[in-house]
There are 2 protein chains.
Amino acid sequence: MFNFQTFFKNVRHIYFSRIKCLIFATALNGSFSMSLEKLRPVENLSQVDKIEMSLQEYLRSENFQPGDSLPKELELAQAMGVSRTAIREALSRFRTLGIIESRKNRGMVIAKPDVFNNMERVLDPQLLDDETMNEIFEMRLVIEVGLGDVLFLRKNDADLSKLERIVEKEEKTTKKIDIVKYDIEFHSMLYKLSGNKTIMRFQKMLLPIFDHVYANLSKDTEAYTGNIPEDMSPVSHRDLLNTLKNGNLEQFRSQMRTHLMVYFKKLSTD
Amino acid sequence: MFNFQTFFKNVRHIYFSRIKCLIFATALNGSFSMSLEKLRPVENLSQVDKIEMSLQEYLRSENFQPGDSLPKELELAQAMGVSRTAIREALSRFRTLGIIESRKNRGMVIAKPDVFNNMERVLDPQLLDDETMNEIFEMRLVIEVGLGDVLFLRKNDADLSKLERIVEKEEKTTKKIDIVKYDIEFHSMLYKLSGNKTIMRFQKMLLPIFDHVYANLSKDTEAYTGNIPEDMSPVSHRDLLNTLKNGNLEQFRSQMRTHLMVYFKKLSTD
DNA sequence: TTTAATACATATGTACGACATATGTATAGC
DNA sequence: GCTATACATATGTCGTACATATGTATTAAA
């Protein structure tokens with residue numbers, strides 16, 4: 001096959017020189033970073049990237065639906081004129097994202113993707129920086145305040161008694177570890193009672209993060225909250241439950257805000 | 001290498017018989033599906049699955065941070081006693097999820113993952129069923145109602161004037177397509193003004209879905225909403241803006257709820 | 001001495017061929 | 001008609017070779 005490297009190796013330094021020239025010229029007016037942003041996605045694509053895009057376009061144009069089966073790997077490879085290796089890597093991405101599923105000798109089928117399936121692997125507290133962690137906690141507040149709208153639409157006696165049982169258990173214990181446990185249980189139950197499986201999945205996905213933060217509370221008291229909220233929040237789970245039972249939506253939103261606001265000392269003093 | 005298939009091919013029918021026997025026995029008391037649920041994840045792991053888990057465990061135990069570089073592919077392969085192909089597929093998953101980045105001759109480094117980066121590829125309206133779409137719209141309502149809490153904390157005159165300009169443009173036009181455009185602009189701006197990049201990313205990710213729904217409004221009037229909200233919602237963007245300017249948080253939440261509630265005819269009659 | 005051009009080493013990316021494994025299908029035996 | 005076998009086939013895994021891009025050392029030139 002034709003060897004580009006051998007052919008162009010003499011040209012490389014010229015290429016570099018021109019790039020440097022470009023950097024120098026654009027650095028003067030400070031527009032380089034902007035133009036670079038626009039340049040990058042044009043030609044920085046690997047072969048697999050192109051294959052992935054091509055495949056996605058193919059799936060869309062042929063109107064593939066969940067359950068439909070894809071052509072064989074070899075057919076795809078031959079049709080696109082690339083090796084099976086490259087095709088497999090592109091398909092591997094789809095598999096990772098849950099867009100397709102594959103089984104031996106059954107071929108590959110379009111899957112019904114679980115929206116938040118992949119994110120659990122990404123949301124490793126170890127990899128997230130403090131700013132993102134704070135934002136996620138803030139997003140939690142936003143969602144749980146808004147959750148009231150759905151809860152007041154769908155609440156029923158069975159649901160309320162489930163919450164009641166958790167709150168009772170919580171009130172009986174004094175161990176910190178149990179308080180944390182029931183705290184998580186209470187809020188998880190709220191998501192469950194929303195009846196919205198997508199929202200519920202979202203919360204389940206975030207649980208490891210909260211676990212991580214709770215676990216580190218004793219070690220680093222400056223992080224995200226100075227204390228376990230139950231110790232100091234002016235609104236308890238019992239208050240929230242009573243409002244769900246006998247109060248109205250507006251009260252619930254305000255109380256939930258206050259209940260979670262202890263996580264944001266800095267925020268509340270802005 | 002030892003050939004398992006050749007060795008066990010005579011045993012296969014016996015295996016099948018025993019499975020059938022098990023199915024028969026457990027079908028009587030209906031416990032089969034439960035025990036199967038617990039059985040499946042134990043041994044249905046492919047080699048690459050195991051490698052992925054092992055790698056993840058390795059990254060966690062060694063406390064890898066964003067920016068740290070990983071061992072070479074060959075070293076990993078030799079250390080785990082598998083081929084480079086398998087290692088590469090496991091690494092490809094991490095790359096797909098944005099956990100690592102790789103460049104030629106520079107090796108691979110732990111990346112700072114963008115929490116919602118991968119989801120855009122999954123959130124193809126073509127692949128999502130109606131129930132999930134409805135749930136996503138409901139989640140949007142929940143978030144935007146709760147968004148008020150952050151907006152009232154961080155709002156300033158510059159932000160409000162940005163909204164003002166969008167609303168003015170919206171009020172001047174009569175074309176449906178422009179109304180949709182400014183509708184998206186207005187709500188996008190709210191997310192932006194929240195100052196929470198994670199929440200903003202989440203909204204950006206959902207945009208294609210809203211586009212898709214808006215685009216299909218004329219075709220299928222029964223889907224998700226009977227009309228473009230601006231045509232009939234009792235709360236306009238102007239009302240929301242005025243409340244942001246001069247009203248209070250409680251009013252904003254209620255108005256946002258009403259503003260978005262037109263998407264849920266069925267819901268509101270529950 | 002500094003700078004630019006070249007050569008080399010190396011890690012990932014791509015390709016090809018081979019076999020393993022699991023599953024669907026057809027065939028033979030009762 | 002049912003069961004057990006043999007076969008075909010698509011994905012999964014492996015090993016090797018080479019392409020490509022990038023870092024590093026060396027050399028040439030100013």
Inset, instruction - Round to a whole Å and report the spacing from CG of Leu45(B) to P of dA22(C). - result: 13 Å

Legend entry - For atom CD of Glu101(A) and atom P of dT11(D), their distance in whole Å: 14 Å

Legend entry - Lys50(B) NZ to dG12(D) P, straight-line distance once rounded to whole Å: 14 Å

Inset, instruction - Classify the ring geometry between Phe64(B) and Tyr58(B) as parallel (under 30°), tilted (30 to 60°) or perpendicular (over 60°). - result: tilted

Legend entry - Nearest-Å distance for atom pair NZ/C1', residues Lys104(B) and dA19(D): 7 Å

Legend entry - Spacing between Arg103(B) atom CZ and dT20(D) atom C1', to the nearest angstrom: 14 Å

Legend entry - Modelled atom types, side-chain donor and acceptor of Gln65(B) and Asn63(B), under 3.5 Å: yes

Legend entry - Spacing of Glu89(B) atom CD relative to dT11(D) atom P, expressed in whole Å: 13 Å

Inset, instruction - Would you give the length of the straight line joining atom CE of Met139(B) to atom CG of Leu147(A), rounded to the nearest 0.5 angstrom? - result: 9.5 Å

Inset, instruction - Check whether any side-chain nitrogen or oxygen of Arg88(B) sits under 4.0 Å from OP1 or OP2 of dG13(C), and answer yes or no. - result: yes

Inset, instruction - Keeping the roles fixed (side chain from Thr96(A), backbone from Ser92(A)), state whether a donor-acceptor pair exists under 3.5 Å. - result: yes

Inset, instruction - Begin from the C-alpha positions of Tyr191(A) and Phe202(A) and carry the test ring-ring contact (aromatic ring centres under 6.0 Å, His included) through to its verdict. - result: CA-CA 9 Å; Tyr191(A) 284 87; Phe202(A) 187 75; 8.2 Å; no

Inset, instruction - With a 4.0 Å heavy-atom cut-off, tell me which residues in residues 70-85 of chain B come close to DNA chain C, sorted by residue number. - result: Lys72(B), Glu73(B), Arg84(B)

Legend entry - Under 4.0 angstrom between Gln47(B) side-chain N/O and dT21(C) OP1 or OP2: no

Legend entry - Partners passing salt bridge (charged side-chain N to carboxylate O under 4.0 Å, His left out) against Lys192(A) (at least two apart in sequence or in another chain): none

Legend entry - Of the listed nucleotides dT11(D), dT12(C), dT13(D), the one nearest the side chain of Met108(A): dT11(D)

Inset, instruction - Please check the phosphate of dG24(C) (OP1 and OP2 only) for any side-chain N or O of Arg106(A) closer than 4.0 Å. - result: yes

Legend entry - Nearest-Å distance for atom pair CG/C1', residues Asn105(A) and dT21(C): 10 Å

Legend entry - Glu135(B) bridged to Arg201(A) by N-O distance under 4.0 Å: no

